[in-house]
Amino acid sequence: MKVSAWCVKEKRLFDQNELTVFNETVLPHLDAAYNLARWLSRNDHDAEDVVQEACLRAFKYWKGFSGRDCRSWLLAIVRNTYYSWLRKQALQPELTEDGEIGAIDDGAPSPEVALLQNADREMLKTALEDLRVEFREAIVLREMEGLSYKEIADISGVPIGTVMSRLARARKQLQIYLTTAATGNSL
Amino acid sequence: MNCNDTGKLLNAYVDGELDSTGSLSVESHVQQCGPCRTNMENLRLLSSAVEKGALRFQAPRHLKRNVQTAIRAANPEMKRSSFGWQWAGALASVVLIVALTWVATTQRGRSSEEAQLIDDILSSHVRSMMANHITDVASSDSHTVKPWFGGKLDYSPPAKDLTEQGFRLIGGRLDYLDNRPVAALVYQRSQHFINLFVWPLKGDAVSPESQLSRQGYNMIHWTQSGMTYWLVSELNSKELNECARLLRD
């Protein structure tokens, strides 16, 4: 009896300790997790649900996690949680074929530098939200989290070449959107 | 290197992802080629615009707390010891405001498991009001609230609209109780919020209706058609009983 009671107590202490370490190591990246979830889902409530579920998963696999970059690890879980959440909602994302970068040269005029300089926050936000989800994901990870192509490739589970082409296509579309919006506004 | 080759590498160049040979090739081409130089400048401008645009979303303040609560709820073996510390401050302030109406008799005979569940239900109720996150789906239409739970739970909770009887359905929320995700349906009576927690019974553990009062909150518990129900509110017990009766009918 005594031994088993002691074991239970030790187990609790151990778990408490796990939680403390988890809180100190993983939860500082909650903003990054929320930012990614928020951009993917484009909705406050859904983003919160996704992050909460992702953190539960993260805690579950926490013991198997060994010291790699914690933020990337959490972001990968957030991303996977979002896509499985989408599937549950039966809203399959329309993933595009990742083509060659050359294929993005659609003959659109090169945007004017001045117009891009005038892009305001709202315009940028709308332009980003308008992107396909996998392009949005690449832009958020690169431009907001400052991650390398390798890190993004690991998180998104695609080859580095695909990251490169997604970023190129995403930026091209952003430029076209912003230029069009700016031209429209100035007319 | 021609414009086509440069175009393929330009993003990687701007992102600092090219090796030195690749970088040199791009640089020497860009120096001679106006259109490619413009493209490069545009890419840089876009990056700095996104950076300057302050487009990052910050996690709401209650999210961290919700995450920690969810982790504890999903890992019940460590829940009890940490629960007190996490919510001690929050509950203490509630206790100060609300008159303490501890009814010792209602506690007698309850198992520690049930006492823990009652604690959890009460803290879920308090938390739902403090975190300003009482509903995940806000709707007075039971045909909206009920399907919302569809993909989130392995059962379908009833979402009765009692607006005509003075208990307005204002939405639903996902919560964790009894080591499982459960449905919380939220009703409003004048200024008071009522949480109805519903989940399937374990086995056939049917229990008679019971009522208790804790820290100024009234709770009513019953089982019906294979489901267990907990109704919690600061509403007086007479009106809460009325609500329970309407829900059971």
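Here is how names work: the chains are called A, B, and so on, in the same order as the sequence lines, proteins then strands, and each is numbered from 1. Values below: every heavy atom of this structure, side chains too, minus hydrogens, waters and symmetry copies.
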query: If you count heavy-atom pairs under 4.5 Å with chain B, which of A:K125, A:E122, A:R142 comes out on top?
result: A:R142

Ring centre gap for B:Y155 and B:W199 strictly below 6.0 Å: no

Heavy-atom cut-off 4.5 Å, strictly under: side chain, backbone, both or neither for [X] against chain B?
| X | answer |
| --- | --- |
| A:D44 | neither |
| A:L128 | side chain |
| A:L167 | both |
| A:A32 | both |

- line: For A:R171 and B:S47 the tightest heavy-atom approach is NH2-OG, 4.1 Å

A:E145 with B:R56: basic N within carboxylate O range, under 4.0 Å: yes

B:R180/B:D178 salt bridge by N-O under 4.0 Å criterion: no

message: Just so I understand: if I count every heavy-atom pair under 4.5 Å between each of B:P60, B:S48, B:G150, B:G16 and chain A, which residue has the most?
response: B:P60

message: Heavy-atom pairs under 4.5 Å with chain A: which of B:L63, B:V67, B:L55, B:L174 has the most?
response: B:L55

task: Could you look at B:Q58 and say if it's the side chain, the backbone, both or neither that has a heavy atom under 4.5 Å from chain A?
output: both

- request: Could you check if a side-chain atom of B:L169 sits within less than 4.5 angstrom of a side-chain atom of B:K160, using non-hydrogen atoms only?
  value: no

- prompt: Should A:E53 and A:Y82 count as side-chain neighbours, where that means a heavy-atom distance under 4.5 Å?
  reply: no

